[in-house]
Amino acid sequence: MGLDLIRALLAGAAGAVLPGYFWAAVLRPTSGLGERLAYSTAVSMASVPTIAVILARAAHTGVVLWVALASVLIVFGSGLLVYRFRGAAPASAAPVLRMPDPVRDPRVLGLVAAAIALGLLMMAVKRPPVLVLAVIAIALIAGGALMAWQRPAEPADRPPAPSSGTGGFLSAPPPAPSEPAPSASAASPAEPPAPGAPGAGQARTPPGQARAGPGQARTPPAQARAGTAAGGPGPGPRPFGLPLSVVRDGGLAVILVLTACRVYSGVVRFEWPYISGGDQFSHAVMAEQMLAHGQYPSYLIYPPGFSALTAVICRFADLTPLALFPVLAPMLVVVTALGAYALATRLWGWGYGLGAAALSGLVLTGAFNGFAEGRYPDLVSAFFLLVMTVAALVTLYEAPTVRSAALVAVVGASAVLYHSVATLYAAVLFVLVALICLPYLALGRHRRETRALLLSLAGVAVLSACYAVYIYNPGGILGGKSSTGGAVSIVLGSQAPATQAALLKELGPPIVWFGLLGLAALAASLRYLRRPAQVLTAATVVAWCVVMYLGSRTSLDGFPQRFERDLGAPLSFMAAFGVGLVVRSLPVRGATARTAGALAATTACVLAGVMLLAQAFHAVNASDRSAGELLTHRVATAGQWLARHNTGGTIISTPYMNPGVSNRAVLAMGGYTGLQAYSPFRIAHPRSLPTAGKTPLLDSQAVLLHPQSCQSANILVRQDVRYVVLYRVGTGADLTAFAADPARYQQVFENPSVIIYATHRTGCG
């Protein structure tokens with residue numbers, strides 16, 4: 001496993017992380033290595049699969065080694081070339097939003113502390129009363145709104161002094177093109193000079209303050225860009241007496257390593273060489289088809305983004321998809337934690353970024369469940385690419401340039417390339433952005449910002465339309481018949497929303513409760529925000545959280561339970577904001593600790609710490625064992641036999657042996673794409689259908705249930721069925737009838753779990 005892990009990690013870095021490294025510097029400023037790698041990964045995941053698919057289709061081949069190399073080199077080389085001639089993005093990497101002033105009102109702090117205490121008690125109850133949950137939610141919403149209701153002492157449209165604990169709460173306005181980009185540490189409470197005055201773009205030095213720090217001395221533009229491209233602001237604040245880069249990047253590295261240990265522990269100890277999750281077999285089949293043909297028109301309906309990216313990494317690592325997933329798929333959870341860090345850092349500073357990464361990687365259960373169930377494209381798109389899309393929008397609000405608009409277009413459209421449900425998320429998000437932000441900018445006569453936002457929305461629409469036409473062929477634009485309309489009509493209204501208590505189980509109580517606290521505070525802070533970047537950022541984040549929750553409460557969207565799980569993406573960094581509100585209310589050094597406010601703040605912090613530690617212990621403990629639904633060695637042996645004896649054609653197998661071993665398992669292991677098999681109930685009540693339609697499903701069912709019929713004999717000939725694979729455990733096939741017809745079905749493999757018959761394909765008149 002160690003050798004495969006090293007190969008997979010190097011190949012994953014080469015194919016999915018590093019290609020967009022220079023593009024990340026060109027398109028937006030970053031304040032550290034972790035933030036740069038997050039944007040580099042987003043650009044890589046959005047562009048490398050697209051180029052691989054285009055090259056494979058143009059060359060009429062699969063994703064062979066030269067296609068994989070060319071895809072990576074095109075992205076990396078073009079980014080390096082543009083960076084060499086245009087330089088890094090000339091804007092500030094400082095946070096956009098500021099924190100409310102610390103709360104000293106004992107009544108507000110007592111309300112929050114009481115709600116946290118009640119939530120902590122409900123964690124020990126298997127079925128908490130809905131009324132109690134409603135009381136906790138209302139108390140936290142009220143507490144969050146009250147914590148942010150008072151206008152801060154310093155106007156929100158003036159940059160505050162840098163804080164060694166958060167890297168600054170409010171970024172400076174974007175400089176003119178001729179001015180050097182101010183660093184995050186250059187902010188000052190004083191009003192910045194006019195553009196034409198001496199020292200424009202440079203913070204004033206308050207009386208009595210030394211002028212030796214960076215950001216207080218004038219920095220040439222080229223040097224400022226170089227410092228930004230290096231991933232840090234240079235010598236600046238020294239939190240805990242250490243260099244900023246050591247605390248910030250070192251802290252992120254520790255959190256990501258702990259997240260990796262959490263996800264890999266169950267795989268290494270209980271699952272290797274197989275991992276849980278039935279959907280992985282579908283992704284393996286699609287990746288194998290991408291490797292061989294560059295497309296998979298007759299298998300499933302998943303977009304080609306994840307399978308094309310998997311194919312590129314497989315070529316670099318020289319591993320099959322089924323060998324790659326056990327060693328590399330756990331890293332997807334680490335990537336989601338990195339995305340949470342990047343967005344929270346952009347909003348409130350690197351301190352909150354570390355908190356969001358820890359909550360996403362070590363506390364949140366939704367992302368881990370997505371990995372355990374093998375839903376890799378959904379995990380990538382909903383928990384990372386959509387998060388980075390919001391981060392790109394925040395960059396656009398703060399620095400409305402062509403570069404930031406291009407970043408929004410490339411990353412925002414990538415959801416269409418990975419998952420159909422994430423496409424719905426992205427579509428709703430961009431509609432909300434258009435409905436909220438464009439009127440606000442137009443009424444305020446912010447022409448530059450309006451043009452940039454319109455440009456980015458147009459770019460997203462064009463790219464998304466191109467992806468959608470290639471993937472779904474709506475209306476038969478590319479020829480043939482489109483089943484998009486039928487697939488949508490099947491899904492709508494087909495799934496009932498889960499209960500309110502299920503949200504706590506799916507995401508974890510701390511994520512929900514502190515997310516509500518932070519969301520209410522952010523919504524209340526809108527009343528004193530004045531800068532367009534701040535208003536649009538807060539409105540976008542609040543609207544994103546609200547629409548994801550509303551989507552989990554209705555069956556009209558077709559995926560309420562998916563909305564519920566993926567709500568954890570925005571709530572994880574909102575929970576970090578909520579925890580920060582509580583921690584900031586602690587009495588400062590030298591203040592008396594005997595006041596009622598100090599006592600309430602201390603109590604709230606202690607209770608919050610206990611809740612977070614309890615949930616982290618529960619999440620890590622649940623991760624440190626197998627998630628179940630594993631492929632057994634007996635089924636794997638049968639799959640290996642099928643692979644060795646694969647002479648083409650198709651196979652038919654029992655729909656299910658258990659929830660983790662389905663018909664797709666032997667398809668993936670044997671190297672086949674059909675025939676797929678569904679249970680009779682699922683055929684009668686489908687939530688989705690393969691692109692090949694319902695006919696193969698009905699043919700499989702007919703052969704499995706009535707193997708001796710004349711209809712089955714004709715199906716074997718028409719579908720070129722070479723083998724029939726029967727699971728001994730479970731239902732869905734007439735095992736006795738197969739054994740009673742040796743003239744048509746010859747047994748060629750048997751073990752205690754699986755029987756394989758070779759077919760004699762002779763038509764029936």
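The figures here come from the full heavy-atom set of this structure, side chains too, leaving out hydrogens, waters and symmetry mates.
Rounded to the nearest 0.5 angstrom, L111 CG and M147 CE are separated by 10.0 Å. A distance of 9.5 Å separates CG in L120 from CD1 in I116, rounded to the nearest 0.5 Å. A distance of 11.5 Å separates CD in E449 from SG in C437, rounded to the nearest 0.5 Å. Here M331 contributes atom CE and L338 contributes atom CG; the two are 9.5 Å apart, rounded to the nearest 0.5 Å. How far CD of E398 is from CG of L536: 10.5 Å, rounded to the nearest 0.5 Å.
Between L607 and A117, the shortest heavy-atom contact is CD1-CB, 3.6 Å. Closest heavy-atom contact between Y352 and A344: O-CB, 3.6 Å. For the residue pair G34 and L252, the shortest heavy atom distance occurs at CA-CD2, 3.5 Å.
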Subject >> Test log, rule side chain to side chain contact (heavy atoms under 4.5 Å, CB included), inputs S552 and R562 >> reply: CA-CA 7 Å; S552 70; R562 191 70 61 85; over 6 Å; no
Subject >> CA sep, side-chain torsions, deciding dist, call: F371, L332, side chain to side chain contact (heavy atoms under 4.5 Å, CB included) >> reply: CA-CA 8 Å; F371 154 73; L332 295 178; over 6 Å; no
**OP:** List the steps, then state whether side chain to side chain contact (heavy atoms under 4.5 Å, CB included) holds for L529 with L526.
**Re:** CA-CA 5 Å; L529 298 178; L526 278 167; 4.2 Å; yes
**OP:** Determine, step by step, whether T41 and F384 satisfy the side chain to side chain contact (heavy atoms under 4.5 Å, CB included) criterion, reporting the C-alpha distance in whole Å, the side-chain angles of both residues, the deciding distance to 0.1 Å, and the verdict.
**Re:** CA-CA 9 Å; T41 304; F384 179 68; 3.8 Å; yes
Original post:
Checking ring-ring contact (aromatic ring centres under 6.0 Å, His included) for the pair Y425/F563: CA distance, chi angles, key distance, verdict?
Top reply: CA-CA 9 Å; Y425 300 159; F563 271 85; 4.7 Å; yes
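For R565 (side chain) and E506 (main-chain N/O), no donor-acceptor pair under 3.5 Å exists by modelled atom type. Looking only at distances, a side-chain donor or acceptor of S404 sits under 3.5 Å from a matching main-chain atom of A399. Remark: side-chain polar atoms of S360 are not paired, donor with acceptor, to backbone N or O of A356 under 3.5 angstrom. With hydrogens and angles ignored, the 3.5 Å screen pairs no side-chain donor or acceptor of R553 with any backbone N or O of E564. S40 contributes no side-chain N or O that, together with a main-chain N or O of L37, makes up a donor-acceptor pair within less than 3.5 Å. Side chain of N369 to backbone of T365: a donor-acceptor contact under 3.5 angstrom is found. R28 places no side-chain N or O within 3.5 Å of a backbone atom of Y39 that could act as its donor or acceptor partner. In this structure a side-chain-to-backbone donor-acceptor pair under 3.5 Å is present from S585 to L581. Of the possible polar contacts, one joining the S265 side chain to the R262 backbone as a donor-acceptor pair under 3.5 Å is found.
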Donor-acceptor list for residues 598-605 side chains, cut-off 3.5 Å, not counting sequence neighbours:
residue : atom : partner : partner atom : Å
T602    : OG1  : A598    : O            : 2.8
T603    : OG1  : L599    : O            : 2.8

Output a table of donor-acceptor pairs, distance under 3.5 Å, between side-chain atoms of residues 567-574 and any protein atom two or more places apart or on a different chain; print 'none' if there are none.
residue : atom : partner : partner atom : Å
S572    : OG   : G568    : O            : 3.3
S572    : OG   : A569    : O            : 2.9

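Applying the 6.0 Å contact sphere to CZ of R107 captures no more than 12 heavy atoms from other residues, nucleotides or ligands.
Stacking of R98 on the aromatic ring of W348 is not recorded, the 6.0 Å distance cut-off and the 45° axial limit not both being met.
Classification of E35 and R346 as a salt-bridged pair fails, no side-chain N sitting under 4.0 Å from a carboxylate O.
The side-chain hydrogen bond (donor to acceptor under 3.5 Å, both in side chains) test applied to Q615 returns no partner, not counting sequence neighbours.
Put simply, the residue from V394, V535, L429 that forms a side chain to side chain contact (heavy atoms under 4.5 Å, CB included) with T540 is L429.
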